[in-house]
Structure formats: C-alpha cells, structure tokens
Amino acid sequence: MRRERVPIVVVVLAAIGAAFFILPLVGLIVRSPWRDAVTALTAPETVDALKLSLLASLSATAAGLLLGVPLAWIYARVEFPGRDLLRALTTLPMVLPPVVGGIALLLAFGRRGLFGSWLDTTFGITLPFTTVGVVMAETFVAMPFLILTVEAGLRSMDRRYEEAARALGASRWRVFTRVTLPLIGPSLFAGAVLCWARALGEFGATITFAGNFPGVTQTMPLAVYLLLDTNTSFILSLVLLVISLAVLVGLRHRWLGSA
Amino acid sequence: MSLDASIRLTLGPLDLDMELTIEEGEVVALLGPNGAGKTTLLRAVAGLVPFRSGHVRLDGRVLEDTATGQYLPTERRPIGFVFQDYLLFPHLSVLDNVAFGLRSRGTPRREAAEKAGEWLERVGLKPYARAKPAELSGGQRQRVALVRALAPDPRLLLLDEPLAALDVTTRAEVRRDLKRHLASFRGIRLLVTHDPLEAVALADRLIVMEKGHLVQTGTPAEVTERPRSQYVADLVGVNLLQGEADHGIVRLPGGPVVSVAAAESGEVFAVIHPRAVALHRTHPEGSPRNVWQGRASNIELMGNRVRVRIDGEVPLVAEVTPGALKELDLIEGEVVWLSFKSTDVGVYPA
Amino acid sequence: MRSRVSLLIVAAAFLAACGSGGNAASNSSTSTSLSGYISVFAAASLNASFNALGTSFHRANPGVGVNLIYAGTPTLVTQIEQGAPADVFASADTTSMDKLSADGFTMGTSRVFAHNQLEIVVAPGNPKGITKLADLAKPGVIYISEGPTVPAGKYSLQALATAGVKVTPKSLETSVTAVISKIELGEADAGIVYTTDINAAGNKVQGIQIPTADNVIATYPMVAVKGTKNSAAADAFIAYVLSTTGQSMLASFGFLSAA
C-alpha cells in the first residue's frame, strides 16, 4: 500500500504547532534542578500540597458527578423555557477568569456572602480558608467540563435502549443506572477525567475563595506559584505536568478504545 | 385473553387512526409500506408513544385510556417488545440481557440467572451465555432478543420487523425458527413487517395498513386472493382494478368497460392474474371479450416468466413465457394488443 | 564612598531640578537628549505612587515613554531572569534585589529610594477592636498574611516575632492587594500590610499603627537592569525618583524618605 503524501505546508505548520507545546516542557525539564528533586518532592510542604491536591480534586470530581450528571441529564432530556440560558450559566466558569469566579464565590458563600452569611449566623459554618472551600472552588471551575461532556454523551446515545429497558419492566431509576449510565460510560469517564484534570490545575478561584495555607488550602498550583523564585517550583510544576500528561494519554487511549 | 386497542394520533406527516382487536392465541402481522404507521402503532400499544385519543385494553384491563386519563407506564405493562435491530444491551452479557426483564420485575438474581439460562437453552444459545451481544451473529441476536422479551412471561408480545436486520441468506432459516418459537408462546403476538413473505409465513391473520389507516384484514389466503389495495395487489403480483359492476361488466373510472363472468353489482374490485393476460401484435380474433391497445413500458424477466407492463386506457401487467415474447418480437415502447377472458377476472365487492 | 554618594545626590538634585522645570534652558537640553521608551518593573505596593511618578517623569521628559509593570517582587525577579525586557527594577525588599544582582542581571549598584512600614489593616470601624499585634491572636479573629516569599509577608513574620506574638494566619495570600481585598470583603478580620497600601485603599479599610519598636522598616531599592537598551533614560528615571520632587511624591503616598 502506497502511503499518502502529506503536503509539506501541513507538515511545517504542524511541526511549529507541536514545537509550541513541546518547547516549554523541554525548558522546564532542562532547567529543573534535578539534584534538588528528591529534597523538593519529599519536603513536607510538597507532600501536603500533593495530598491536598489529590483529595480536593477527587472530591471536586465526585461532587461534579453527583451534581453534574443530573444537570446534564436535564439539559439533554427535558425541554423547558430558559434551558439554554441555564446551560450557559452553568458552563460560564469555563470562560470566566478563575479569579472572577473566586470573587463570585466569595460574594455568594463567603462570610458576608448572600448565602454564606446565613450559613455563618445559623450554623457557624464559614467556607473560605477551609478545604471544603478548595473543593467548592475546584468544583465551580471544573464541573462545566463534566456537564458538557456528559450532555453530549446523553444526546448521542441511542435512546431506544432506554425504551427497550422500560419495555422489559425496568423502573426509571433502573433504566438510568443499568442502561443509560453504562451506555454513556465513555463520556462519563472522559467528563470525569477532564473535570479532575481541570480541578487539579485550578489556581485562581482557589486562592481567591479558599486562600492559601499549607495543609489546609494550599494545593500544588498554589505552592508552585508561591515558590516562584525557588527551584522547588520547577520540580512541582513537572509533577503536575507528568500527572496531567498521564491522564491525557490514558484518556485518549480510553476514548479510542471505546469508540 | 385479548387485545383491544383504538388509537388516534398525529406524528409528523403521519395521521394514524386504527382499531385493533386480537384474540388469544392469534399471531397477527401488521403489514404495510414504509411510513404506514405500523411501528408507531406498535409503540403506542406499548405506551412509548402518547396518543391523542383512544384506549389500549389487555384482557379487559385498561392500560391506557384518554377518556379516563388512565395511563400505565410501559414498564408496568405486561408486554414483551422485540425491537427492529434488537437493541440488546451491548454492555451486558447475553445471559444478563435475558435476565434483565426478570430482574426488573423483582426476580432474585440467582433465580433470574437460572431462568435466563433455561431460555437460552431452549433456543440453543446456552454456550453463548457469557458472550457479549456483539460476538453473536444476526440470527443469534434475533433469538436472544426474542427470549429476552419472552423471559418475563408477558401477555402480549410485540415484534417490530423481527427479521429486517438480517441478511437475505439467513432470513429464511431464522424465519423458520421464529415461527417455531412464536408457536410455543401462548399469549397474543403482534408483529410489524413490510415483507409479505414474512407476514404470510408467520401470521394467522394480516392487518394491512396504509397511511395510518386500515386497508384490509383477514387470513393470509383471504388477503392475497382478494387484495383490496394497490399495495397488496403489487405485493401479491396481480392486476387490481376498481369500478362499478353492472350485469356482467365492470365500468372503470374514465370509461373503459371490463367484461366479467360475475353477477355482482355495485362498487367492486376486479383482479386479473398477469398470466391470464395475453399479448398480440395485431388485434386478436376470437373469443376474448376484453381487448385493449397499449404501449409496452417495461419488460422484465422474472425467473422463467417475462413481465410486461402495458400503459394505456387500462394499465395492466402481463406475464408471458420468454418464447412467446420472442415470437411477439416486442421491445419497450412499442404498441401491443392485450386481451383476457371474462372468466379470468375475479370480482368481489369493494 | 561617602563623596560618591553625595555626588550622585547632587546629580540627582540637578536632574530633578531640570525635571521640575525650574530651569528652562537645561530642561530643554535634557529633553532633547533623552528619548525612546523604558519599562519599569515595580513591586505591586508601588502601583499608585509609580503611576504618578511615571506621569510626572514623562511630563518632564516628553521624549521618554514609561511603561510601568507591577507584580509581586518575586514574580518580577523571575520574569527579568527569564528575559523580560525590563529597563528598571524597583523592588520591595533587598533580598530580591540581592538575588537579581548576584545572578548578574543588574547594571551598577542598586539605590534605596524609599522605606515603608507596616500597619495592621482592619475593616472600617475596626469591628474586632484590634489595637496591637497581640490582638491578632485573639480567638475569633481571622488573621491572614502574605506568603513568606512576598516581602510584606516576610516583614509581618519579623514584626510578630519581635512583638512575641504567636499567630497562625488562615491564609498566605499572594499579594498585599489580595489581603486587603479579603478584609474589604469581610472574609478576614485583619492582616499586616504597608502603610502605603492602607493609604491607597482609602476608606475601604482602616490602619492600626504598629509601635516603632516592633515595626519593620521595608527598604525599597531600585536599579537599572542589565541589557537595557536605554540606559540613559533608565538612569534618569532612577535619578528622578531619588530627586526631591520624586521623594516628595513618594512621601505623599505614605512612603518614608530614602534618607
């Protein structure tokens, strides 16, 4: 079989495009003080930040699944006035500068916020400067990715499978859990991974809403930023990069595998 | 046990108005061209399509009635539904597919699996219990879909084009199996098909639908012998004329008169088998009373016969032997005479 | 050494005199000799004062355009070391200046142009009744600080240590601005910032003075950056800041004189 000739312009532009992404990574790898790597990675601050990052991003993903899947289901299945507007509102954080998102969260859930002040006076609960606050900030920014991916999955699935299940006597809940969810499995997985990856890299909304304190609200990206002048930040950046890269490579494999 | 449905609905271009009564033990085929509303009717019976007015009763129990506002959701109707492309759940094993209905209706896991296994055994698919549907052939999938629908013991079995997803080579064999399995089910069986062969082979009774309305119902023999629509006539392969009978003649719309050997009067159908239509290059002499001139618009070889479509005052299809065609030396577009005997015209009230 | 410094002060005073337009003849000659653009990388706490200085310097030297870039001091150091086109660097601490200098990115010796001191920042009306550093450790007071790599954060730690106050901040913010805005929003009760920041924030927050014994005087040095394409204008800008005009402008924003 003769291989198709790839136009040279395409190759050149694609190469430039690829270099644009690869060179910063190379820079990071080359400039990283590898001798300090072990020290940097085993420093208690790093370990705390990494632990907190994992805990918060996974919690944000869980919250995203719990709240985002029903939203996606409603967007895909229920017609009601204002649906498009509601969808736009719940996906707004994708285009909103995260810091603005953080301020908005403060105005709603902060100690003096619309809802937050009620929480504070009624239950004595304040959310800023807490790990819960980190999870909220990450969920706020990352959940839209899950909602959109899952909605697309729901829209593209063959709904007749649900009818087949109903005709077999399955209740709405059983149809949803045993047929709908497994059939949109790839979208659900992709959405969850995107949501998780976004949550893991979240910076702006987190530092604005939850602040930054080691072990409580200081996630990896915050630690990286605050260590900007030290070598450790390079190492931490690389750790984040490696995690993100592993996720993206794995995700692509999964996507192709289930396509 | 009986199904009694009366359904009126509008869905896009379809305007459906049908009454259905099916007695216990009957296998009924809904036959009609694409877009006739067969599948919609089936889905309405299952509760998957809302209708404007009407009712669905099974064994006297109301499943849905617009007059009283009663509606039993699909999942609570005692039905089994075999979908056109089967819709086996791709993420479940064959066994879990078959057990799905049992589990949905509350059968404990172990018992459901046992029963599902028995069903698979019955259709010779036990060895495939652990397989995923994608690993099965079309015919095997069809059988799984059938036993999946039958396993929860429905009172009414609905089948939507059960053989349409199969290729022609396996269709005959699967059809034979399906007939056997359908025979072993005691409830009411209602299947939708656009394939007359399938309808005739599987059903005790045909209901012919066109454009959302009933055209004809009866046993396969009744329907094929006395077609009441161009659609059925085409399926059966006969010429169908409609006109006003009056003492041995049938007056067709627009003037032509067909001489018949029947005493009916009033609006009638007249059916003429293509083999009874003779062709001539010149005006035929002798006994035939019915002679017209026309133009051969289409000549087609069908097995060992040749079908010649003749356009003219009375458009008809004639079937002759290849030898006869050669003798006639007829090609498409040429003028030809056709004739048939009065005694070859079947007449029945419209 | 002493004589050289005084010489420079004389030169600065001369240049300042030219800038203020006191001498028409020399003013015109200076203006024609300087042209082009300079980029001034200044610590975030200099924002308001350097905006004013930049405008005034440009008025005195119409040929020179001044680009002012503000960020946290450590961020600026990283940016300059990574090749950002800076002509002048104005730091909020000597540590960062020393680092830049040691890494070989400065031209000539840095000059201290201002001092700043710390104040406790609270919401208007001081709802928690904070009067001294020790009050920050009172139960129910949410104290936040700048991170230890931010000069203000580092000084806050020193001040608290001097006063013998042990308090754990709820959050280590990335900048003075972030601390002030969280106090303004009511999410936190108190922080330690520069006097100048409280001045700049106007009536949105209130300052509580810290006794001189406990206070830390922040030192602001500035320098021309190595590789500047316009060293004449860069030097002129530094001289302008050190001039009496420049100094009085800085004083009006709450800075202490460089002397």
Side-chain angles (χ1 to χ4, degrees), chain A residues 24 27-28 30-31 45 48-49 99-100 102-114 116-117 119-121 124 126-131 133-134 137 203-219 221-234 237, chain C residues 71-84 91-93 95-100 102-103 105 123-124 127-128 139-154 167-175 177-191:
Chain A
L28 206 52
V30 170
R31 290 293 168 85
E45 276 216 350
D48 278 353
V99 174
V100 177
I103 290 170
L105 282 173
L106 278 179
L107 295 176
F109 302 108
R111 200 161 58 135
R112 300 279 166 79
L114 291 177
S117 56
L119 275 183
D120 189 14
T121 51
T126 55
L127 298 165
F129 312 123
T130 63
T131 304
V134 176
F203 172 78
T206 308
I207 197 158
T208 310
F209 181 61
N212 168 58
F213 195 78
V216 183
T217 62
Q218 188 179 77
T219 57
L222 271 55
V224 168
Y225 182 77
L226 283 168
L227 296 168
L228 200 58
D229 61 338
T230 78
N231 291 332
T232 314
S233 72
F234 287 149
S237 306
Chain C
T73 299
T75 308
L76 292 174
V77 169
T78 305
Q79 286 175 349
I80 292 169
E81 294 196 344
Q82 296 301 327
S91 170
D93 67 349
T95 318
S96 300
M97 183 56 83
D98 292 346
K99 179 179 174 356
L100 197 70
D103 293 346
F105 287 91
K128 297 276 174 173
V141 172
I142 297 180
Y143 165 67
I144 57 173
S145 169
E146 301 81 11
T149 55
V150 181
K154 191 177 59 190
V167 56
T168 309
K170 273 279 193 181
S171 178
L172 302 170
E173 298 293 316
T174 53
S175 66
T177 329
V179 169
I180 290 179
S181 62
K182 280 190 180 162
I183 286 163
E184 204 184 309
L185 280 167
E187 295 307 333
D189 298 317

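Excluded from the calculations below are hydrogen atoms, water molecules and symmetry mates; all remaining heavy atoms, backbone and side chain alike, are included. We name chains A, B, ... by the order of the sequence lines, and we start the count at 1 in each one.
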Trainee: Keeping the roles fixed (side chain from A:Arg112, backbone from C:Leu185), state whether a donor-acceptor pair exists under 3.5 Å.
Mentor: no
Trainee: Sort C:Pro148 into side chain, backbone, both or neither according to what part of it lies under 4.5 angstrom from a heavy atom of chain A.
Mentor: neither
Trainee: Could you grab the distance from atom OG of C:Ser171 to atom CZ of A:Phe209, nearest 0.5 Å is fine?
Mentor: 12.0 Å
Trainee: Check for a donor-acceptor pair, side chain of A:Asn212 on one end and backbone N or O of C:Glu173 on the other, with a separation under 3.5 Å.
Mentor: no
Trainee: For C:Lys182 and A:Ile207, which heavy atoms make the closest approach, and how far apart are they?
Mentor: NZ-O, 2.5 Å
Trainee: Any side-chain heavy-atom pair from A:Thr208 and C:Ser181 closer than 4.5 angstrom?
Mentor: no
Trainee: Run the numbers on C:Thr174 and A:Leu222 for side-chain contact (heavy atoms from CB on, under 4.5 Å), then give the verdict.
Mentor: CA-CA 9 Å; C:Thr174 53; A:Leu222 271 55; over 6 Å; no
Trainee: Considering only heavy atoms and a distance below 4.5 Å, find which of A:Ser117, A:Gly116, A:Gly211 pairs most often with chain C.
Mentor: A:Gly211
Trainee: Taking all non-hydrogen atoms of both residues into account, name the closest pair between C:Glu187 and A:Pro128 and its distance.
Mentor: OE1-CG, 3.1 Å
Trainee: Which atoms of C:Asp103 come close to chain A, meaning under 4.5 Å heavy atom to heavy atom: side chain ones, backbone ones, both, or neither?
Mentor: neither
Trainee: Counting only heavy atoms closer than 4.5 Å, note whether C:Gln82 contacts chain A via side chain, backbone, both or neither.
Mentor: side chain
